[in-house]
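This structure is a prediction, so every number in the text was calculated from the model and none was measured. Just so you know, these numbers use all the heavy atoms, side chains as well, and skip hydrogens, waters and symmetry mates.
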Amino acid sequence: MSWGDIGTGGISIYVKDINSINGLSDDEKEQLSKVVERFPFRTTDYYLSLIDWDDPLDPLRMIAVPSMPELDEWGSLDPSGESDYTVSPRVEHKYEQTAVLLLSGACASLCRYCFRKRLFMEEYDEAPLDIDSAIDYISRRPEVSNVLITGGDPLMLGTRKLEKVLDRVSEIDHVRIIRIGSKIPAVDPYRIIDDDELTEMLENHVTPQRSLYVMTQFNHPRELTPPAAEALHQLKKTGAVLNNQTPLLRKVNSNPHTLAELMNELSYMGVAPYYVFQCRPTVGNRHFAVPIEESFRICEEAKKMCSGLGKRFKYVMSHRTGKIEVIDVDDENVYMKYHQAALQENLGRTIALRRNPNALWLEDYPDAE
């Protein structure tokens with residue numbers, strides 16, 4: 001099958017065995033088996049077909065295929081302190097208006113930069129979501145107007161199972177926005193194209209009083225294939241609002257031209273660029289990390305090449321204390337602002353830190369509180 005052709009019968013096959021990848025040499029497979037022992041491997045045959053196997057630094061290969069630098073010691077398994085805001089199994093409440101449901105522990109493709117690797121590692125297996133407990137918690141908190149359903153990937157669930165969750169959340173009057181976080185449009189677009197029941201179900205959850213958002217994760221413009229574009233088109237027809245977020249990743253989208261192309265193409269397809277994240281200091285992620293001040297420059301250079309719609313994204317650090325937007329860098333300081341905060345008194349707070357060109361996270365600045 002040519003993945004450039006849109007049609008039925010394109011259901012992806014999930015690939016879990018590194019030895020089945022024809023693009024890898026036997027020596028590479030033997031080496032990478034050490035990585036897979038620690039961090040599982042999973043992707044789709046569709047996504048593997050997009051990789052240029054003649055290029056060892058192909059950006060899509062870096063996203064989906066294990067590499068030896070993942071074994072470098074760095075970071076933690078909970079870099080944003082999600083455990084501090086977990087109110088019941090797989091339910092997080094960090095920001096006043098938003099509750100997060102980690103609905104699924106599975107993904108179609110395990111991104112090698114993932115900051116929730118703990119969900120896929122057996123020794124760190126977490127209890128499943130208790131939907132009754134989650135609904136009870138949200139129902140008793142009228143300040144929660146947004147529910148983000150993420151994971152893992154919620155679209156890995158069967159359509160009817162996902163519908164039951166959306167039905168339960170929709171019964172809560174004060175919840176006015178339901179968000180679904182998914183990389184399925186990028187790694188398995190036929191999950192959307194070939195399931196009319198899914199798009200019909202999503203359409204049923206869009207009302208004049210309540211919005212449904214799909215938070216996509218396209219990291220590189222080459223992921224925006226014709227099937228991916230069709231999947232996005234089908235999602236838009238449901239009435240869902242589409243936003244995209246991506247981390248800034250070394251040698252994947254850290255070139256301003258690449259980042260600008262991604263944002264422009266998304267805007268052409270009706271997907272709003274939302275967040276560009278500083279790569280979180282997660283175990284196995286060191287080779288993806290770009291220093292904060294360099295990342296800010298990359299984002300600003302990319303914005304110069306974007307239309308107003310393409311440059312809407314904010315460059316933020318998803319820190320344990322909140323979403324901290326990097327807003328400026330001068331000769332002496334880097335300036336940041338709390339776009340979201342766990343503590344209400346921090347909302348909108350601006351901080352100035354003496355520059356450290358090597359800083360990869362807030363704590364790398366000596367005068368950070």
> side chain to side chain contact (heavy atoms under 4.5 Å, CB included) between His319 and Gln340: does it pass, once the steps are laid out?
Replying inline: CA-CA 10 Å; His319 190 259; Gln340 281 281 29; over 6 Å; no
> Which distance, rounded to the nearest 0.5 Å, do you find between the CD1 of Ile298 and the NE2 of His257?
Replying inline: 11.5 Å
>> Under a 3.5 Å distance rule, please check whether Lys117 uses its side chain to pair with a backbone N or O of Cys114 as donor and acceptor.
In response: yes
> Between Arg354 and Asp367, is there a salt bridge with N-O shorter than 4.0 Å?
Replying inline: yes
>> Holding to side chain to side chain donor-acceptor pair (under 3.5 Å), I want the full list of residues that pass it with Arg250, two or more places apart in sequence or in another chain.
In response: Glu294
> Please walk me through it: do Val214 and Val241 pass side chain to side chain contact (heavy atoms under 4.5 Å, CB included)?
Replying inline: CA-CA 6 Å; Val214 177; Val241 181; over 6 Å; no
>> Quick one, Lys304 with Glu301, criterion salt bridge (Lys or Arg N to Asp or Glu O under 4.0 Å). Give me CA distance, side-chain angles, the key distance, then yes/no.
In response: CA-CA 5 Å; Lys304 293 177 183 178; Glu301 288 298 313; 3.1 Å; yes
> Got a sec: does the CD of Gln97 have more than 12 other heavy atoms crowding it under 6.0 Å?
Replying inline: yes
> Taking atom types as modelled, is there a side-chain donor on Thr246 or Asn219 under 3.5 Å from an acceptor on the other?
Replying inline: yes
>> Does anything in residues 139-161 form a side chain to side chain donor-acceptor pair (under 3.5 Å)? List the pairs, not counting sequence neighbours.
In response: Asp136-Arg140, Tyr137-Arg141, Asp153-Ser182, Thr159-Arg191, Thr159-Asp195, Arg160-Glu163, Arg160-Glu197
> By side chain to side chain donor-acceptor pair (under 3.5 Å), which residues pair with Glu293, not counting sequence neighbours?
Replying inline: Arg355, Tyr365
> Run the side chain to side chain contact (heavy atoms under 4.5 Å, CB included) check on Met68 and Leu32 step by step: do they pass?
Replying inline: CA-CA 6 Å; Met68 294 307 293; Leu32 295 179; 4.1 Å; yes
>> Connecting only ILVMFWY residues whose side-chain heavy atoms lie within less than 4.5 Å of each other, what is the rest of Met305's hydrophobic cluster?
In response: none
> Atom CG of Asn19 and atom CG of Leu24: how far apart are they, to the nearest 0.5 Å?
Replying inline: 9.0 Å
> Which residue pairs pass the side chain to side chain donor-acceptor pair (under 3.5 Å) test when at least one of the two sits in residues 169-180, sequence neighbours left out?
Replying inline: Thr98-Arg179
>> For Asp52, is there any backbone N or O sitting under 3.5 Å from a side-chain donor or acceptor partner on Asp55?
In response: no
> Can you tell me how far CG of Leu266 sits from CG of Leu309, rounded to the nearest 0.5 angstrom?
Replying inline: 12.0 Å
>> Tell me which pairs pass side chain to side chain donor-acceptor pair (under 3.5 Å) where either residue lies in residues 260-272, with sequence neighbours left out.
In response: none
>> Tell me if a side-chain donor or acceptor on Ser80 pairs with a main-chain N or O of Glu82 at a distance below 3.5 Å.
In response: no
> Does anything in residues 322-346 pair up under salt bridge (charged side-chain N to carboxylate O under 4.0 Å, His left out), and if so which pairs, sequence neighbours excluded?
Replying inline: Lys314-Glu325
>> Quick check: closest heavy atoms across Leu148 and Gly181, and the distance to 0.1 Å?
In response: CD1-N, 4.1 Å
>> Within the 3.5 Å criterion, strictly below it, is a donor on Ser109 or Arg42 matched to an acceptor on the partner's side chain?
In response: no
> Are Phe313 and Val316 grouped together when hydrophobic residues (ILVMFWY) are joined by side-chain heavy atoms under 4.5 angstrom apart?
Replying inline: no
> Taking all atoms of both residues into account, what is the closest heavy-atom pair of Tyr14 and Asp188, and its distance?
Replying inline: OH-OD2, 3.3 Å
>> Does anything in residues 147-169 form a ring-ring contact (aromatic ring centres under 6.0 Å, His included)? List the pairs, not counting sequence neighbours.
In response: none
>> Restricting to side chain to side chain donor-acceptor pair (under 3.5 Å), what partner residues turn up for Glu70, sequence neighbours left out?
In response: Arg112
> If you measure from CD1 on Ile180 to CG on Leu162, what distance do you get to the nearest 0.5 Å?
Replying inline: 5.0 Å
> Rounded to the nearest 0.5 Å, how far does CG of Leu249 lie from CD1 of Ile63?
Replying inline: 6.5 Å
> Minimum heavy-atom separation for Tyr47 to Val187, with atom names?
Replying inline: CD1-CG1, 3.7 Å
> In chain order, what residues pass the salt bridge (Lys or Arg N to Asp or Glu O under 4.0 Å) check against Asp132, with sequence neighbours excluded?
Replying inline: Arg168
>> Taking transitive links into account, so neighbours of neighbours count too, which hydrophobic residues share a cluster with Tyr335 at under 4.5 Å side-chain distance?
In response: Ile327
>> Under a plain distance cut-off of 3.5 Å, with no hydrogens placed, do Tyr338 and Thr350 share a side-chain donor-acceptor pair?
In response: no
> Between Gly310 and Pro273, what is the shortest heavy-atom contact and its length?
Replying inline: O-CG, 3.6 Å
>> Using a strict threshold of under 4.0 Å (side-chain N to carboxylate O), is an ion pair present between Asp130 and Arg90?
In response: no
> Looking only at heavy atoms, what is the nearest atom pair of Asn243 and Tyr274, with distance?
Replying inline: CB-CB, 3.9 Å
> Should Glu300 and Lys303 count as an ion pair when the cut-off is N to O under 4.0 Å?
Replying inline: yes
> What heavy-atom pair brings Leu157 and Ser104 nearest, and what distance separates the two atoms?
Replying inline: CD1-CB, 3.4 Å
> Do the side chain of Asn204 and the main chain of Glu200 share a donor and acceptor less than 3.5 angstrom apart?
Replying inline: yes
>> Test: ring-ring contact (aromatic ring centres under 6.0 Å, His included). Region: residues 275-301. Which pairs qualify, not counting sequence neighbours?
In response: Tyr275-Phe277, Tyr275-His339
> Between Glu92 and Arg320, is there a side-chain N and carboxylate O pair less than 4.0 Å apart?
Replying inline: no
>> So, applying side chain to side chain contact (heavy atoms under 4.5 Å, CB included) with Pro185, which one of Leu232, Asn244, Val271, Leu242 is it?
In response: Leu232
